There are 2 protein chains.
Amino acid sequence: MTSTPAPGSPAWWLRRTASPTAPRRGRGRPSLDTDHMVATALRLIDEHGVHAFSLRTLADALGSSTATLYRHFANKDEILALTVDLALGEAGTVPPAAPAGWRDVLSTMGHQVRAVLTRHPSLLPTLMDHVPVGPNALAQRERVLAALLRHGLQPALAARAFTAVGHYVIGFAVQQRESDGAPLADYYRDLDPTTHPAIAATAESLTAVTPDDEFAFGLGLLLEGLARQKDASP
Amino acid sequence: MTSTPAPGSPAWWLRRTASPTAPRRGRGRPSLDTDHMVATALRLIDEHGVHAFSLRTLADALGSSTATLYRHFANKDEILALTVDLALGEAGTVPPAAPAGWRDVLSTMGHQVRAVLTRHPSLLPTLMDHVPVGPNALAQRERVLAALLRHGLQPALAARAFTAVGHYVIGFAVQQRESDGAPLADYYRDLDPTTHPAIAATAESLTAVTPDDEFAFGLGLLLEGLARQKDASP
DNA sequence: ACCTGAACACCGTTCAAGT
DNA sequence: ACCTGAACACCGTTCAAGT
């Protein structure tokens, strides 16, 4: 009895990347069909949000039918996972050409992933659902980890640092996301100061800084903590 | 033209908490119906996962019908938000009775929220969807921020620290969540070492530590970074 | 006044029937 | 061999009809 791995799971990716239906670039006929379908899905999600994305809308945009989609993908989750991986491929080469050190590697990675999320904010829910383990995500993880090891970080610290920066970027994007057109900080500031004095007091200072400054501040804080850890057990 | 706030949004919570249908504890007849419905929803989600949770299953469990649910809640999102807030209410009193300092406050908060997520892992996707702004979430934020201010943290740093710890706990829970029965670390370790040498090398060290140690390590790292920031601009 | 069966407009997924 | 209309079993939400 062979178990069928759930889409988006590591085992599923292993199966998919090993299968002959996986897109082959370089040699042979590239399966442009699949690539085009995923690109179309990404565009639809960017334009109308992941909430409005259905297999019927994708089939319509492709001039096909929903049943045909199942000849290219196992199910909707697979399409969403491929969409996220396609967007992560836009992150560019991480680390940069000549990183000044491990801090530079992680800082660049953080800003590049943030750029991807800024370009595709609708992907945030899907990105949070599963740890991305598609080919582009794996390639990025490999590049960054290799650079960190090259700069002398211990393996355990390198892995944790990669995860910490990734989580920070996603967490920041969630926090920054507006609800109902008004930032969360406005909501906190308008709370009754007598029942929530501390929230109101701290909300004032929240709106003083720009999102970019806030992002850089938190990222610097994270790297500072990592540096302390590195020096503590070198 | 009055805009109808989206469920789960700050504006929506303002409307709901101000409405007479909101549960009133202490005085008058408590609307045990609503509380019981939310508690049942939480139990169903705990038992069968948020994926299997539908209004029909909730109505069946209550011996009622889906249409009746709409006399108590605006829609499904409202029920999910109330479920998350109910679970957050289990976090206990944060900060502890006699915190040794702002580090103790944040550390306790981190461990308590982690305990909630351990008890209700199925709530993770819902918790990531929206920043929780229900009554229990607000009360916790107020308590923690007040304690941080009392211990001398600047308002801006206190707000950032609260958010950073919250994001860290959620991010850790996502990372720890297993997929397909096998931890993510196993997947990384089994990758081809020739194509992904750095991932394989760092994966070995990932499985060496227990989740509890890993959690405490990362939290300590975060607090270390915050301490540096506090000392830099007091 | 309060509740609800049944309908509505969807959804992901499957498959017999077309070419 | 490849595609797809139509069906299936759902879903959240609404409302006319019951009591």
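Order of the sequence lines sets the chain letters (A, B, ...), proteins ahead of strands, with each chain counted from 1. Only a predicted model underlies this, so the values are computations on that prediction, with no experimental measurement involved.
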Using atom CG of Asn75(B) as one end and atom P of dG12(D) as the other, report the distance to the nearest whole Å. 11 Å
I want to check one thing: is the phosphate of dT4(D), taken as OP1 and OP2, less than 4.0 Å away from some side-chain N or O of Thr68(A)? yes
Any side-chain heavy atom of Leu138(A) sitting closer than 4.5 Å to one from Tyr188(B)? yes
Nearest-Å distance, CZ (Phe53(A)) to C1' (dC10(C))? 16 Å
Value in whole Å for how far the C1' atom of dC15(C) lies from CG of Leu69(A): 16 Å
Quick one, Thr83(B) and Phe53(B) - any side-chain contact, counting heavy atoms below 4.5 Å? no
Of the options dT14(C), dT14(D), dG12(D), whose atoms approach the side-chain atoms of Ala67(A) most closely? dT14(C)
State yes or no: are the ring centers of His167(A) and Phe172(B) separated by less than 6.0 Å? no
Flag the pair Tyr168(A) / Tyr168(B) as yes when their ring centroid distance falls below 6.0 Å, and as no otherwise. no
Length of the CG-P vector between Leu55(B) and dG12(D), whole Å: 4 Å
Under 4.0 Å between any heavy atoms, over every strand shown, what does Ser64(A) touch: base, sugar-phosphate, or nothing? Just pick one. sugar-phosphate
Determine which bases of DNA chain C form Watson-Crick or G-U wobble pairs with both distances under 3.5 Å, and write the result as a 5' to 3' dot-bracket string with | for other-strand partners. ||.|||||...|||||.||
Value in whole Å for how far the P atom of dC11(C) lies from CG of Leu44(A): 13 Å
Would you kindly give the CZ-to-C1' distance between Phe73(A) and dT13(C), to the nearest whole Å? 16 Å
Can you tell me the distance, in whole Å, between the NZ atom of Lys76(B) and the C1' atom of dC10(C)? 14 Å
Taking only the side-chain heavy atoms of Arg56(A) (C-beta and beyond), determine which of dT14(D), dG12(C), dT13(D) contains the nearest atom. dG12(C)
Side chains of Leu62(B) and Met37(B), heavy atoms from C-beta outward: is any pair under 4.5 Å? yes
Verify the contact: side-chain N or O of Ser54(A) to OP1 or OP2 of dC10(C), cut-off strictly under 4.0 Å; return yes or no. no
Would you tell me if any nitrogen or oxygen in the side chain of Arg71(A) comes within less than 4.0 Å of OP1 or OP2 on dC3(D)? yes
What integer distance in Å separates Leu58(A):CG from dT13(C):P? 13 Å
Only one of Leu123(A), Leu127(A), Thr126(A) passes side chain to side chain contact (heavy atoms under 4.5 Å, CB included) with Pro132(A), and that residue is Leu127(A)
Are Arg43(A) and Asp46(A) within salt-bridge range, i.e. N to O under 4.0 Å? no
